Amino acid sequence: MSFKSRTKIKALLATEPTGQDVTVMGWVRNFRSNRFIALNDGSTINNVQIVVDFENTDESILKRITTSACLKITGKLIASQGSGQSVEIQAESVEILGDSDAEKYPIQPKKHSLEFLRENAHLRFRTATFSAVFRIRHTIAQAIHKFFSEKGFVYLHTPIITASDAEGAGEMFRVTTLPIDGSAPRNEDGSIDFSEDFFGKSTNLTVSGQLEGELGATALGEIYTFGPTFRAENSNTTRHLAEFWMVEPEMAFYDLEDNQDLAEEFIQYIIKYAMEQNADDLKFLDQRLKDEEKSLPQDKRQEFGLLEKLEFVTNNKFERITYTEAIDILLNSSHYKKKKFKFDISWGTDLQSEHERYLVEKHFKKPVIVTNYPAAIKSFYMRLNDGCEEGRQTVAAMDILAPGIGEIVGGSQREERYERLVARMEEMGVPVEELSWFLDTRRYGTCPHAGFGLGFERMVQFVTGMGNIRDVIPFARTPKNCEF
RNA sequence: UCCUCCUUAGCUCAGUUGGUUAGAGCAUCUGACUGUUAAUCAGAGGGUCGUUGGUUCAAGUCCAACAGGGGGAGCCA
């Protein structure tokens, strides 16, 4: 038997019903009145209603139509008599492809908490919320490739296993085949002898593909990476994962302003594309958030709904301010004068979450790009700005802060001047020898260039409105949690 | 890692100043009904109250440790 005769529910729901014969396959979401099956096949958030002629259907079949049972239905597509849907299928045959024991199946036809579903992550795809989230995640991934490809960027695969631990983006996971029971070969000083290890040296999982990305950009012109990234930080928050996906474009002949323009266009492009491709899913998530908000006290509610927020972000320019301006705004805010900030504000210290939130959510009420941070609090590869005031040296860095998420993009114009870069590496204790390969970009035909990193899951969070990053990746890896 | 809150039925929760047999809604099962949309109505089953130890005549309730989870912070994307 071939399965090619099946019609996907998404296509079916867009079809004019003329009583034509159709076959659908999918999983039962709900079975009401012994007569109405809400069937879903994942092609859309919407279910198709199957009307079963229960008086002429075998009792043993009816009993097996339980939540999440897999069915093959053939019947006629007709206009619905009910008000909840425009078309429905008058079933002529109901075949059970897979039973689902209703007493044991964990996902019930009722509301569940996200925490509970997270513990059942292997089955949560079968809920409306998560199917919507993961369809949107897919769309955003596609949008990323489409955006860069249309601009002539080359998709560069940077390594996942790396010997470089110099970037300092975070704690790393070690990769080794040496025994861990204490019998690993030792050097004379007692340290592990990694020359005996698989790669003949100490290796880790990558924390960023940026340095390799720069190698690509300084030859191919414009590249982007899009792949998994690993950080062994003990971070327990709604916006950190130990394994996450990052997009890192790197462009030759870009300065900080070009970089900002690209990042802004990129984010708006992704949102627009998702709104086009996943209108039904976003409508559902929008409603879901609205329902959730109803149970919150007035002052905790969001000013915008999800769709309003996305609409607003795509139709308005991002605010662009320098770090120094941000500090001034904060110091002059009534919030500061009323001593409502927990952390102190002064030029030279990094902005705290509460400060970023104030700028984005209270002051500007839109995404904000903060540029030109103090050199002392930023990475070695960021370009030193010329002509800074004494004691106020800044770098050509930029962070994009999004409402509800915080930092969604971090980037900079890179330091292309060899001497300055090496001086800065020495100053910050970055091993120059080890990164000699990286410095070759500056030795042989160096060029002005820039790039940024976008946290893919944070972008999915922003578009779907999901509050916890663990709910926008299929199987979350976080401290003390590596299920499935 | 720090602060804080939580852990009682399959799920979401209630459980009074510590006091007899631990409750509700939903889900499940049985029956009725049959154009439903979170279907409705009637009934039933379902609990070592996260774990360990302590206080007490008596602990779901008080105390401690541990485990797991949520929210916030730091680190960042």
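Numbers restart at 1 for each chain; the letters A, B, ... are given by sequence-line order, proteins then strands. Note that the structure is predicted; figures quoted are calculated from it, not measured.
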*Asks:* Do you know which of A:Asn40, A:Ile50, A:Leu39, A:Ile96 makes side-chain contact (heavy atoms from CB on, under 4.5 Å) with A:Val28?
*Replies:*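 Result for side-chain contact (heavy atoms from CB on, under 4.5 Å) with A:Val28: A:Leu39.
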*Asks:* Please give the distance between the P atoms of B:rU20 and B:rA38 as a whole number of Å.
*Replies:*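 My reading of the P atoms in B:rU20 and B:rA38 gives 41 Å.
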*Asks:* Expressed as a whole number of Å, how far does the P atom of B:rU61 sit from that of B:rC3?
*Replies:*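 Per the computed distance, 24 Å lies between those P atoms.
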*Asks:* With a cut-off of less than 4.0 Å, is there a side-chain N or O of A:Arg239 near OP1 or OP2 of B:rA73?
*Replies:*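 Checking B:rA73 against A:Arg239, a side-chain N or O does come within under 4.0 Å of OP1 or OP2.
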*Asks:* Could a donor-acceptor pair under 3.5 angstrom be found where the side chain of A:Ser235 meets the base of B:rC76?
*Replies:*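 A donor-acceptor contact between them is absent.
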*Asks:* Please measure how far the P atom in B:rG25 lies from the corresponding atom in B:rC63, and state the result in whole Å.
*Replies:*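 One P to the other, the span is 32 Å.
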*Asks:* Within this structure, what is the CG-to-P distance between A:Leu454 and B:rC76, rounded to whole angstrom?
*Replies:*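 The answer, rounded to whole Å, is 17 Å.
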*Asks:* Would A:Phe484 and A:His122 satisfy ring pair (Phe, Tyr, Trp, His ring centres under 6.0 Å), going step by step from the backbone distance to the final call?
*Replies:* CA-CA 7 Å; A:Phe484 311 107; A:His122 58 308; 4.9 Å; yes
*Asks:* If we take the C1' atom in both B:rA22 and B:rG31, what is their distance in whole Å?
*Replies:*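 Comparing C1' positions in B:rA22 and B:rG31 gives a spacing of 29 Å.
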*Asks:* Think A:Arg424 forms a cation-pi with A:Phe380, using NZ or CZ under 6.0 Å from the six-ring centre and within 45 degrees of its axis?
*Replies:*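 Output no; distance or angle outside limits.
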*Asks:* Compare side-chain N and O positions of A:Asn120 against OP1 and OP2 of B:rC11 and report whether any pair is under 4.0 Å apart.
*Replies:*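 Checking B:rC11 against A:Asn120, no side-chain N or O comes under 4.0 Å of OP1 or OP2.
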*Asks:* Can you measure A:Lys342 atom NZ to B:rG72 atom P for me and round it to whole angstrom units?
*Replies:*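 Taking atom P of B:rG72 as the reference, NZ of A:Lys342 is at 13 Å.
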*Asks:* Reading nucleotides 34-43 of chain B 5' to 3', which nucleotides get B (base under 4.0 Å from a protein heavy atom), which S (sugar-phosphate only), which -?
*Replies:* BBBB-B----
*Asks:* Is the A:Phe312-A:Phe304 ring centre distance short of 6.0 angstrom?
*Replies:*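 Close enough - the centres of the two rings lie under 6.0 Å apart.
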*Asks:* Would you say the side chain of A:His240 and the base of B:rC76 hold a donor-acceptor pair, judged only by whether the two atoms sit under 3.5 Å apart?
*Replies:*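 In this structure, the two groups form a donor-acceptor pair.
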*Asks:* If you restrict it to nitrogen or oxygen atoms, what contacts under 3.5 Å exist between nucleotides 44-46 of chain B and the protein, and what is each distance?
*Replies:*
none

*Asks:* Are A:Tyr373 and A:Tyr323 an aromatic pair, judged by ring center distance below 6.0 Å?
*Replies:*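 Yes, they do, as the ring centres are separated by less than 6.0 Å.
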*Asks:* Runs of at least three consecutive Watson-Crick or G-U pairs, both distances under 3.5 Å, are what I'm after; which ones involve RNA chain B?
*Replies:*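 Counting only runs of 3 or more consecutive pairs, the stems involving RNA chain B are B:1-7 with B:67-73, B:10-13 with B:23-26, B:28-32 with B:40-44, B:50-54 with B:62-66.
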*Asks:* For A:Phe31 and B:rU28, give me the distance from atom CZ to atom P, rounded to whole Å.
*Replies:*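 Result: 12 Å.
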*Asks:* Select one nucleotide: of B:rG25, B:rG74, B:rC29, the one nearest the side-chain heavy atoms of A:Ser353.
*Replies:*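 When the side chain of A:Ser353 is considered, B:rG74 is the closest of B:rG25, B:rG74, B:rC29.
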*Asks:* Pick the C1' atom in B:rG15 and in B:rA9, then give their distance to the nearest Å.
*Replies:*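 Taking atom C1' in both B:rG15 and B:rA9, they lie 14 Å apart.
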*Asks:* I'd like to check the salt bridge (Lys or Arg N to Asp or Glu O under 4.0 Å) partners of A:Lys309; sequence neighbours left out, ordered by chain and number.
*Replies:*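 For A:Lys309 there are no salt bridge (Lys or Arg N to Asp or Glu O under 4.0 Å) partners, ignoring immediate neighbours.
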*Asks:* Quick one: label A:Arg29 by what it contacts on the DNA or RNA (base, sugar-phosphate, nothing), any heavy atom closer than 4.0 Å.
*Replies:*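 The answer is nothing, as A:Arg29 stays clear of every strand by at least 4.0 Å.
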*Asks:* Rounding to an integer number of angstrom, what distance separates B:rU12 and B:rG70 when you compare their P atoms?
*Replies:*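 Those two atoms are separated by 13 Å.
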*Asks:* Pick base, sugar-phosphate or nothing for A:Leu241, based on heavy-atom distances below 4.0 Å to the nucleic acid.
*Replies:*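 Base, at least one base atom sits under 4.0 Å.
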*Asks:* Taking the six-membered ring for Trp, are the ring centroids of A:Phe226 and A:Phe456 within less than 6.0 Å of each other?
*Replies:*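 Aromatic pair counts; centres sit under 6.0 Å.
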*Asks:* Could you tell me whether A:Phe438 and A:Tyr381 have their ring centroids closer than 6.0 angstrom?
*Replies:*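 Not under 6.0 Å, so no.
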*Asks:* Could you check whether A:Tyr155 and A:His145 have their ring centres less than 6.0 Å apart?
*Replies:*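 Yes, ring centres under 6.0 Å apart.
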*Asks:* Applying a 4.0 Å non-hydrogen cut-off, can you work out what A:Phe244 is touching in the nucleic acid: base, sugar-phosphate, or nothing?
*Replies:*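 A:Phe244: base contact, heavy atoms under 4.0 Å.
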*Asks:* Using whole Å, report how far CZ of A:Arg231 lies from P of B:rG74.
*Replies:*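 The distance from CZ of A:Arg231 to P of B:rG74 comes to 17 Å, rounded to the nearest Å.
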*Asks:* Please determine if A:Lys76 and A:Glu92 form a salt bridge, counting it only when a charged side-chain N lies under 4.0 Å from a carboxylate O.
*Replies:*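 Looking at A:Glu92 together with A:Lys76, the answer is yes, because their closest N to O distance falls below 4.0 Å.
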*Asks:* Mind checking salt bridge (Lys or Arg N to Asp or Glu O under 4.0 Å) for A:Asp99 and listing every partner two or more places apart, or none if nothing turns up?
*Replies:*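 For A:Asp99 the salt bridge (Lys or Arg N to Asp or Glu O under 4.0 Å) partners, ignoring immediate neighbours, are A:Arg64.
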*Asks:* Report, one line per pair, each donor and acceptor closer than 3.5 Å where one atom sits in a side chain of residues 356-370 of chain A; sequence neighbours left out.
*Replies:*
unit_1	atom_1	unit_2	atom_2	d
A:Glu361	OE2	A:Gly404	N	2.9
A:Lys365	NZ	A:Glu303	OE1	3.4
A:Lys366	NZ	A:Lys317	O	3.1

*Asks:* What nucleotide among B:rG10, B:rG72, B:rG70 has an atom nearest to a side-chain atom of A:Gln108?
*Replies:*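 Closest of the options to the side chain of A:Gln108: B:rG10.
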*Asks:* Just how far, in rounded Å, is P of B:rC5 from CD of A:Glu115?
*Replies:*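 From A:Glu115 CD to B:rC5 P: 18 Å.
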*Asks:* Tell me: NZ of A:Lys104 to C1' of B:rC29, nearest whole Å?
*Replies:*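 Whole-Å distance recorded here is 14 Å.
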*Asks:* For the pair made of CZ in A:Arg357 and P in B:rG74, what is the distance, rounded to whole Å?
*Replies:*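 Rounded to the whole Å, the gap is 8 Å.
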*Asks:* Rounded to whole angstroms, how far apart are OH on A:Tyr105 and P on B:rC11?
*Replies:*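 Atom OH in A:Tyr105 sits about 14 Å away from atom P in B:rC11.
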*Asks:* Dump the intermediate steps for side-chain contact (heavy atoms from CB on, under 4.5 Å) on A:Ser80 and A:Val87, then the final yes or no.
*Replies:* CA-CA 5 Å; A:Ser80 180; A:Val87 300; 5.8 Å; no
*Asks:* In whole Å, what separates the C1' atom of B:rA58 from that of B:rG54?
*Replies:*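 Those two atoms are separated by 15 Å.
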*Asks:* Taking only the C1' atom of each, what is the distance from B:rU55 to B:rA65 in whole angstrom?
*Replies:*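 After rounding to an integer number of Å, I get 15 Å for this pair.
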